There are 2 protein chains.
Amino acid sequence: MADYNLKDQVSDKYSLRGRVFHKIREDILNGKYKTGEELREATIGEELGVSRTPVREAFRQLELEGLLKMVPNKGTYVTGITQKDVKDIYMIRSLLEGLCARLATENITDEQMNEMEENVYLSEFHESKGHYDQMAQMDNRFHEILYESCDSKMLEHLLRDFHQYVYRVRKMTLSSEKRGKASNLEHREIMEAIKAGNCDKAEKLANLHMINAYDNMRKNGLIEMFDQDDSAKK
Amino acid sequence: MADYNLKDQVSDKYSLRGRVFHKIREDILNGKYKTGEELREATIGEELGVSRTPVREAFRQLELEGLLKMVPNKGTYVTGITQKDVKDIYMIRSLLEGLCARLATENITDEQMNEMEENVYLSEFHESKGHYDQMAQMDNRFHEILYESCDSKMLEHLLRDFHQYVYRVRKMTLSSEKRGKASNLEHREIMEAIKAGNCDKAEKLANLHMINAYDNMRKNGLIEMFDQDDSAKK
DNA sequence: TATAGGATAATTGTATACAATTATACAGAA
DNA sequence: TTCTGTATAATTGTATACAATTATCCTATA
């Protein structure tokens, strides 16, 4: 029973259903399955070499995660993210990442602090070299560390979900050169505020980090991308 | 496809699985199934007159909602809420209810505003008469209206989940006389701030409302209740 | 041609069967 | 007694079978 959460991740990665779950999830986030696309249980099952049973169980969970929508007796469809959704998510994340940074200031372990520092340095290196893929990975990890450091399973899972949910957007955002540089600087400032034990500053900077990320997306027209494939949705 | 959400509720209430889902969920929240208790798929299925298949699908969703924990090849257990969880939830809710109130100030419809006013008046009436059950219902509805008024499906579902998640606690909280009165007053103030279009005030008051609710719980020793049945968890 | 109706096919929803894993009970040895 | 190993039972994990619902296509008719 040890560990439980508001929205526990699917933990048994090595059961059939666990593999199916993670595979479909990945394929949605990577864009293999497009918004509005219908997923057939039998087809997915064949592709992955399993029967419909584990596929359906995975579908049900992905539905609750908001990536799929199961319409009774009709089919299962990939859900899209609207511009409004993205805006709302960043509004919510701004507050929660702020809270997370505040809590992290009080609860971060030495080990986590070290990894965060290392992350900041490495990311700046990759930025200077133009390694955008690695930067995206570093960015991912920075936030993961932050989430782990706040010592709140509730908050951690909540933020992780949001983080993944906007994955499709973020990938592109970071490849914009200027944002990459600015983002790195903001990470550094947050890291230093946490290290200095200044929770107010850490909270404010984390708030701002999200607002800036969103503003950047908007300015670069990266949001208009959404609400487009909706034609496929009927 | 019309409607999709980060964490959509289980919508097909009238399918077998939908009924199973809502029944089990209710039985957990009402305390019929206790923390740490093991739920057998076959047993639940028999009780509800269905096979294991819909039961398992419901389990998988309840797991993601955090009410159940499925341990591979072992069993499914009712998860508990720890004191820490309650604290974290109220911290998070404080921020999000604040945001919600701010957005509601801008987006509430006349109809919703009327229902909210009516709710406040009715709740004060029930308080004066000592109708605690009705008050609890009114309290529930007040927050529901607030969530609906913010015009953000994301935030609405998030808050609804949290709201339900601490249902077990809140029931008792409101039966404490003093808190009932104070809670009503706070609802009135929030309602009036929204009506006056003062979003800053609405946000602050909603923040405070959650903090007060939590403080009250703590003062009255209603939190020590948790972390108790944990003996069953091994 | 365009439309309505109905047979057929395809897909989802649920039940059941079987495999894999884990729990239980009991016998025997230290 | 207490521990260990093994056989048995119970439970979960997955596959398959069948029922219910929905989509598709063809035909007949205006």
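None of these values were measured; they are calculated from a predicted model. Proteins get letters first, then strands, A, B, ... in listed order; numbering begins at 1 in each.
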Between dT21(D), dA15(D), dG13(D), spot the one nearest the side chain of Asn73(B), thanks. dG13(D)
For the pair made of CZ in Arg60(A) and C1' in dT14(C), what is the distance, rounded to whole Å? 12 Å
Quickly work out the Leu68(A) CG to dT12(C) C1' distance and round it to whole Å. 15 Å
Within 45° of the ring axis of Phe59(A) and under 6.0 Å from its six-membered ring centre, is that where the NZ or CZ of Arg56(A) lies? no
With distance as the sole criterion, is a donor-acceptor pair present between the side chains of His143(A) and Glu97(A) under 3.5 Å? yes
Look at the side chain of Ser15(B) and decide which nucleotide, out of dA15(D), dT11(C), dT14(C), has an atom nearest to it. dT14(C)
Identify whether any heavy atom of Arg56(A) sits under 4.0 Å from a base atom; if not, whether one sits that close to sugar-phosphate; answer base, sugar-phosphate or nothing. base
Please give, in whole Å, the distance from dA20(C) C1' to Glu41(B) CD? 14 Å
In whole Å, I'd like the distance from the CG atom of Leu39(A) to the C1' atom of dT11(C). 14 Å
Can a side chain N or O of Ser51(A) be found less than 4.0 Å away from OP1 or OP2 on dA15(D)? yes
Under 3.5 Å donor-acceptor, Lys69(B) side chain and Gly66(B) backbone: no
Within this structure, what is the CD-to-C1' distance between Glu38(B) and dT22(C), rounded to whole angstrom? 11 Å
Quickly work out the Arg17(B) CZ to dA20(D) C1' distance and round it to whole Å. 16 Å
OP1 or OP2 of dA23(C) less than 4.0 angstrom from a side-chain nitrogen or oxygen of Lys74(B), does that happen here? yes
To the nearest Å, how far apart are Arg52(B) CZ and dC18(C) P? 14 Å
Earlier contact from the 5' end, DNA chain D, for Thr53(A) and Thr43(B): Thr43(B)
Length of the line joining Tyr77(A):OH and dT11(C):P, which is rounded to integer Å: 11 Å
Residue pair His126(A) / Gln137(A), side-chain donor-acceptor N/O under 3.5 Å: no
